Amino acid sequence: MIPFDLAQFDEVGQDDHTASVIETSIKPFLGKAGLEREGAALLLSRLYMRQDTANRFGPFLKWAQARFENGIVDVFIVLGVLQVICEVVKSGSLGQIQQESARLYALAESIDKHPTFSSNTAIRKYKTKLLSRIAIRSLPSLNIGRRKGRLLANEGNIDRNPVQQNDIEVPHEVESVLEHLFNSLQDKDTVVRWSAAKGVAHISERLPLDFSDQIFETILNLFSIHSIAAASLYDLPAIAESTWHGACLACAEMTRRGLVAQSRLSELIEWLSKALFFDLRKGAHSIGSNVRDAAAYVIWALARSQVPSTLAPFSHNLAQRLTAVALYDREIHIRRAASAAFQEHVGRNNLFPCGIDVLGKTDFYAVSIRRNAFLVAAPQVAQHEEYQTFLLNHVLDVTLRHWDPTMRELGSQSLRSICLGSLDIFGPMAIEKSTRILDSIDVSDLHGGLLALSEIAIAYREIGDHNSWEVQLRKIFRCLAHIPFDVLIGPRNAIVTAAACRLISITVTLPELHPDTTSVPQWRKIVDHGLKHRTLYVQEAGADAMASLRNSSPTIQQSLGILIGAIDYSVYDNALFDAVACLLEIVKCSTLPKPNIEARRNCYAAISRIMSTIGGNIHRYLSIEVVTSLFECLLDGLDDYSTDQRGDVGSWIRVACIQSLMTSIEVLIRNAKEIVAFHNYLPPSLLHSAVCGILKQGVERLDNVRQEAGVCFLRLLHLPLPEVHNATSWQLPGLTLLKELFGSNDSIGWNEASWLFPRAVRLLEVPEYRPSVLLGLVFSLGSKTESTYRPLAASLISYVKLLPVTNKNNGYDLITLVEDLIARAKSNLASNVIVIPVLQTFDILLEGDALTNIFDDPLGSKRL
């Protein structure tokens, strides 16, 4: 603002005119919704804080109060007014504030009379700020020693006179403000709670010690409002989140300012120990991350404001809990906050056991990635005896019962890593606690318990001898009987079924295979149910259980394909021939009803897994005829256009075949040197047929199919030639053109029609690809997919216009194109799927004047 009196700008006889013009022109902007309001509020506040215009603040308050009381419900005007007042109360002169304090309180109270104002978050925030600042300005400020809390070495002589502090006369309005702030600490919105917390702390700084201690006691009592009727922390109502968060923020602000007496530390840390694990399930998610974050903030502030001697009795408890949160909390910012609090205590107080060593394992970067925190950092910290048992119990009591399945899975894996350090001690303890979890009726608890038992069984397998771990595996296997069979196969308990199948696959032993000696008679039914389940991950878990599938029925063929692909045939080579025969039987089935589409997709995918498993030893396990049959089967799958109520489900088959073809070719070529009679297992003609089939799918209408075909084709393009005699026979035709079109680009463009088709039409220049590519383009033109049709039509028209009518150099020309299209239609006259798209292609070319030049040639006119 201008540093001299505004009256100097007034004309003669027009006193106070300049200030009036400024005020009048700025006031309308207080009702704007954007940054104009922010600027107007700042300008008006600076105007009212000037000595020469301070007398305008009173009339402004009268104007504002009149608008509030007259029912003006413009929220933006109220916000603008409150912003102005808050700035003036914060930075204005003390006399100005004291003179208008009564009107300021009245203005704040009038806000509550209108529901629109009281329900607005921003208005409630500014009202909280306003009341806090009025109360602060009505109290004298104390010396710096009180403000800093934890004194530095050179501040030891600062005078803190308790008599002088106790002589302060506290206005009764301050008590009303504090009552409002305590209510605001429980507000539903974080910004209001945060403003209230800072307001309480600032006011407490200016109050006598006894008064500020009473305020802190009231804040601590907020924790117990919803805790009296709750059996445990996890039984609190959802509304408790706001109260606990506000209480933690207020505690943090008061702790930072050294307002927490040593006698209150025990109670404070007791509540913080609970707040660090505040996590309430609410529907498909949870609430409470802000409470945990604020609790870590309080502990961080304790390290900066309390002397080490006062924190020493609580250091062991705090170290264990902060470490557990830093390693096992779901949210990244909570793990980082706990790590920062741990670091602050280690750096300032050096009270935490093995502090420097643990800090190096739980630093900012180590806990930033959840998997790293669970599986790398946690086992490293658990090597210290001071943390080992606490972390183990935390995983068993908290993480394995978490609402997020990913947390339970990572928690069980972390449990195994911790137990491996001392399996003879922690193994039985973990089994006992995990078994107790299985008595719960909560599906999440059952899932976590089963995962934990599975991981403990893996730990015994890893380090125990056969005799000892078989006893433990049978003990773990018997735990499955704790869960009712109806729960294990419940229609909505897919994760429990999958976990049970996984437990069976890991712990089943020879005695359990016999009905007379098994401790869980229904385990076969559980696995059978998993194999029949419609969810993929449950099928995979059932397949891993390796149940008896010798007489498999059509209902479990979907799981059967996954199982056959998962078997290591280098170990069970005698089963390979039957497995391949089973796959071919399912995918080539001509009898009705056919296996469902998912079963056939899984069987096509299993072919590539088998090829990858046997690799360079293919000539030892499979004959040339069998491998040829597998390739023919995959090529036939590229023509599967099955549909049902879900749409083009045949695309699932085609994608699986594209992937299997690519993987199979890659395995054979990379191992060509070891394969006897390689040229018979993968003759060049078979390779070129596969390339043509993949390119055909790469120009068809479905984006996802084109994308997968593009990924696989680029892998083919960069695949080296086989290390065999006459290797150039396997070189892709038109390789130079292919590299020009696609060699310098990644696969991301194949699902973008505008990028792909201007390049794809040029594939017609390669005679070997021409029939397949042309058919794929025709199918795309005949589709109703607008995003594919338009770019393809434009690209094809542009390309055809550049073609000569005839080409004496054996290149592609208009007449050959027309002949190819007509030949395609003539050979499939009974199929509308082909004839109609061919006619539509001619229609597009004629409308685009792409065939105009053909009429100049007699032969061309005759052909057309």
Side-chain angles (χ1 to χ4, degrees), residues 569-570 576 580 584 607-638 657-699 709-744 747 759-760 762-776 807 809-812 816:
Y569 293 102
S570 61
L576 180 56
V580 172
L584 292 175
I607 294 175
S608 63
R609 297 195 189 102
I610 291 175
M611 301 288 279
S612 299
T613 301
I614 57 181
N617 297 317
I618 190 171
H619 58 280
R620 299 180 184 176
Y621 300 108
L622 295 178
S623 65
I624 296 172
E625 292 75 14
V626 171
V627 174
T628 303
S629 297
L630 290 175
F631 271 99
E632 290 175 350
C633 167
L634 293 173
L635 290 173
D636 291 340
L638 294 177
C657 289
I658 291 170
Q659 295 170 341
S660 288
L661 277 171
M662 180 59 234
T663 302
S664 300
I665 292 171
E666 201 170 30
V667 168
L668 291 175
I669 288 181
R670 292 191 184 279
N671 295 281
K673 195 173 182 180
E674 291 79 26
I675 298 175
V676 178
F678 167 78
H679 61 281
N680 291 325
Y681 279 94
L682 184 63
S685 59
L686 186 58
L687 171 65
H688 299 326
S689 297
V691 174
C692 290
I694 292 174
L695 284 176
K696 176 177 175 292
Q697 297 300 320
V699 297
V711 171
C712 292
F713 179 73
L714 288 182
R715 286 167 59 188
L716 277 172
L717 196 60
H718 298 292
L719 194 65
L721 294 176
E723 296 180 10
V724 295
H725 176 67
N726 197 19
T728 55
S729 300
W730 284 267
Q731 183 172 297
L732 299 184
L735 184 61
T736 304
L737 177 62
L738 295 177
K739 289 186 175 180
E740 176 187 346
L741 297 176
F742 307 106
S744 60
S747 59
R759 293 168 171 79
R762 293 192 59 192
L763 293 174
L764 296 173
E765 298 173 17
V766 184
E768 291 82 356
Y769 305 147
R770 189 176 299 156
S772 300
V773 173
L774 183 61
L775 183 59
N807 195 325
N809 298 324
N810 297 323
Y812 208 34
T816 307

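Not measured: the values here are computed from a predicted model.
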Measure across [X] and [Y] and return the closest heavy-atom pair with its distance rounded to 0.1 Å.
{"X": "A690", "Y": "L635", "result": "CA-CD2, 3.7 Å"}
{"X": "L732", "Y": "L716", "result": "CD1-O, 4.1 Å"}
{"X": "Y681", "Y": "I618", "result": "OH-O, 4.1 Å"}
{"X": "C633", "Y": "L584", "result": "CB-CD2, 4.0 Å"}
{"X": "T816", "Y": "R770", "result": "CG2-NH1, 4.3 Å"}
{"X": "F713", "Y": "F742", "result": "CE2-CD1, 4.0 Å"}

Just jot down the ring-ring contact (aromatic ring centres under 6.0 Å, His included) partners of F678, sequence neighbours excluded, or say none.
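Per chain and number, F678 pairs via ring-ring contact (aromatic ring centres under 6.0 Å, His included) with W730.
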
As an exercise, state the distance from [atom1] of [X] to [atom2] of [Y], rounded to the nearest 0.5 Å.
{"X": "S608", "Y": "I658", "atom1": "OG", "atom2": "CD1", "result": "12.5 Å"}
{"X": "L719", "Y": "I669", "atom1": "CG", "atom2": "CD1", "result": "4.5 Å"}
{"X": "L638", "Y": "I694", "atom1": "CG", "atom2": "CD1", "result": "7.5 Å"}
{"X": "L682", "Y": "T628", "atom1": "CG", "atom2": "OG1", "result": "9.5 Å"}
{"X": "S729", "Y": "H688", "atom1": "OG", "atom2": "NE2", "result": "7.5 Å"}
{"X": "Q659", "Y": "L634", "atom1": "CD", "atom2": "CG", "result": "11.0 Å"}

| request: Give a yes or no on this: more than 12 heavy atoms of other residues, nucleotides or ligands lie within 6.0 Å of atom CD of E674. | output: yes

Any side-chain heavy atom of [X] within less than 4.5 Å of one from [Y]?
{"X": "L661", "Y": "C712", "answer": "no"}
{"X": "F631", "Y": "L668", "answer": "yes"}
{"X": "L735", "Y": "L717", "answer": "yes"}
{"X": "R670", "Y": "P720", "answer": "yes"}
{"X": "S664", "Y": "L630", "answer": "no"}
{"X": "I665", "Y": "M611", "answer": "no"}
{"X": "P733", "Y": "V766", "answer": "yes"}
{"X": "Y769", "Y": "L737", "answer": "no"}

Do S623 side-chain atoms and V626 backbone N/O form a donor-acceptor pair below 3.5 Å?
-> yes

Sequence neighbours excluded, the answer for salt bridge (Lys or Arg N to Asp or Glu O under 4.0 Å) partners of R762 is E740, E765

Test side chain to side chain contact (heavy atoms under 4.5 Å, CB included) on V580 and I607 and set out the steps. CA-CA 8 Å; V580 172; I607 294 175; over 6 Å; no

